Amino acid sequence: TLMTILLVHEMGHYLMARHHGVQATLPYFIPAPSFIGTFGAFIRLKSPPLDRRSLFDVGAAGPLAGLVLAIPAVIIGLHLSTVSIDSGMGGGITLGSSILLEFLSRLTLGLLPDEANIIMHPIGFAGWIGLFITALNLIPVGQLDGGHVAYALFGQRHVWVSRLSLVAILALGLIRYWDGWLIWSVLLLFMGVRHPPPLDPRTPLDLKRKLVGWFVVGVFVLTFIPAPFS
């Protein structure tokens, strides 16, 4: 399930890049000795987008495509999960929740008491990871998907969005929401907050893409998890 979500995410980028005549590699999957077995997947653009419109289409296509599979995976997984009222359970990993995950949980399982624990089915866990990766990719910094969208929306002003986002991620790590945010802030700083311009950096987005762009910003807000693991 997770591999499929990641593949669809990256193929969204790849197919949109081909549509706009941007040369790109097929997806690379990155194995990792972690409990999910991977660091995710990526494609590499071998030529710059022509303008901000093609940059936006390539950047937004991946998260939106992955979202189409991740949401049903979470719903199916919640249906297959076990709900326990034993508040004294020990061990394991506690998964954090986002606004979207909270909504899907209530939609699928109804209103649960505070002491309830959802023992997530593997399909649901894969969907959870898919949504989490979507949020990570949509952080509006540098050349992440969110960075592509931010540059397309704001042009050269995107750098201030990147800087504020980097400071926010660092703050989440410093106040111990999740120590992983400290690692992410270092990686993002190493990648750089500036986005390279497309061949035509001046032509603005049309109204339709601006609306979709703000929808993508909403997706980031709805899927972001301040404390993903504990």
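Being a predicted model, the structure only gives us computed values, none of them experimental. Numbering starts at 1 and runs along the sequence shown.
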Could you give the distance from [atom1] ([X]) to [atom2] ([Y]), rounded to the nearest 0.5 Å?
{"X": "I36", "Y": "F132", "atom1": "CD1", "atom2": "CZ", "result": "8.5 Å"}
{"X": "F39", "Y": "I30", "atom1": "CZ", "atom2": "CD1", "result": "8.0 Å"}
{"X": "L6", "Y": "T134", "atom1": "CG", "atom2": "OG1", "result": "9.0 Å"}
{"X": "D179", "Y": "L174", "atom1": "CG", "atom2": "CG", "result": "10.0 Å"}
{"X": "I133", "Y": "L67", "atom1": "CD1", "atom2": "CG", "result": "13.0 Å"}
{"X": "L136", "Y": "T223", "atom1": "CG", "atom2": "OG1", "result": "9.0 Å"}

Contacts of [X] that satisfy side-chain hydrogen bond (donor to acceptor under 3.5 Å, both in side chains) - sequence neighbours left out:
{"X": "R53", "answer": "none"}
{"X": "R194", "answer": "none"}
{"X": "N137", "answer": "none"}
{"X": "Q23", "answer": "none"}

Item to check | Sequence neighbours excluded - ring pair (Phe, Tyr, Trp, His ring centres under 6.0 Å) pairs with any residue from residues 40-75 | outcome: Y28-F42
A side-chain contact here means heavy atoms from C-beta on lying under 4.5 Å apart; do [X] and [Y] qualify?
{"X": "I71", "Y": "L131", "value": "yes"}
{"X": "I225", "Y": "L101", "value": "yes"}
{"X": "I118", "Y": "S105", "value": "yes"}
{"X": "Y14", "Y": "L26", "value": "yes"}
{"X": "L182", "Y": "L170", "value": "yes"}
{"X": "M120", "Y": "L78", "value": "yes"}

So which atom in [X] and which in [Y] form the shortest heavy-atom distance, rounded to 0.1 Å?
{"X": "A116", "Y": "V83", "result": "CB-CG1, 4.2 Å"}
{"X": "V22", "Y": "P48", "result": "CG2-O, 4.3 Å"}
{"X": "I43", "Y": "A24", "result": "CD1-CB, 4.2 Å"}
{"X": "P49", "Y": "S54", "result": "CB-OG, 3.5 Å"}

Next on the checklist: Please enumerate all residues that pass ring-ring contact (aromatic ring centres under 6.0 Å, His included) together with F224, with sequence neighbours excluded.
Outcome noted: W181, F220
Item to check | Listed partners of H195 passing ring-ring contact (aromatic ring centres under 6.0 Å, His included), at least two apart | outcome: H148, Y151
Please answer: with hydrophobic residues joined when any side-chain heavy atoms are less than 4.5 Å apart, are [X] and [Y] in the same cluster?
{"X": "F154", "Y": "L205", "value": "yes"}
{"X": "M191", "Y": "L138", "value": "yes"}
{"X": "L50", "Y": "V58", "value": "no"}
{"X": "L187", "Y": "I139", "value": "no"}
{"X": "V141", "Y": "F190", "value": "no"}

Next on the checklist: Would you say that more than 12 heavy atoms from the other residues, nucleotides or ligands in this model lie under 6.0 Å from the CD1 of I183, or not?
Outcome noted: no
Checklist entry - Counting heavy atoms not belonging to F29, are there more than 12 under 6.0 Å from its CZ? => result yes
For the backbone of [Y] and the side chain of [X], can you confirm whether one donor and one acceptor N or O come within less than 3.5 Å of each other?
{"X": "T1", "Y": "I123", "result": "no"}
{"X": "S81", "Y": "H121", "result": "yes"}
{"X": "T38", "Y": "A32", "result": "no"}

Checklist outcome for this item: The remaining residues in the hydrophobic cluster of L207, counting side-chain heavy-atom contacts under 4.5 Å among Ile, Leu, Val, Met, Phe, Trp and Tyr, are L211
Checklist entry - Using links of under 4.5 Å between side-chain heavy atoms of ILVMFWY residues, direct or through other members, which residues join I5 in one cluster? => result V8, L69
Item to check | Residue pairs passing the side-chain hydrogen bond (donor to acceptor under 3.5 Å, both in side chains) test where at least one lies in residues 206-217, sequence neighbours excluded | outcome: D57-R209, D206-R209
Next on the checklist: Over 60° means perpendicular and under 30° means parallel, so tell me whether H13 and H9 are parallel, tilted or perpendicular.
Outcome noted: perpendicular
If you look only at distance, which donor and acceptor atoms sit under 3.5 Å apart when one is on a side chain in residues 160-168 and the other is two or more places apart or in another chain?
| residue | atom | partner | partner atom | Å |
| --- | --- | --- | --- | --- |
| S162 | OG | P140 | O | 3.2 |
| S162 | OG | H158 | O | 3.4 |
| S162 | OG | V193 | O | 3.0 |
| S165 | OG | V161 | O | 2.8 |

Next on the checklist: Using ring centroids (six-membered ring only for Trp), state whether W184 and Y177 fall under 6.0 Å.
Outcome noted: no
Next on the checklist: Between T203 and R52, does the side chain to side chain contact (heavy atoms under 4.5 Å, CB included) criterion hold? Intermediate values first, please.
Outcome noted: CA-CA 7 Å; T203 303; R52 284 161 62 179; over 6 Å; no
Item to check | Counterpart residues, side chain to side chain contact (heavy atoms under 4.5 Å, CB included), relative to L15 (two or more places apart) | outcome: M11
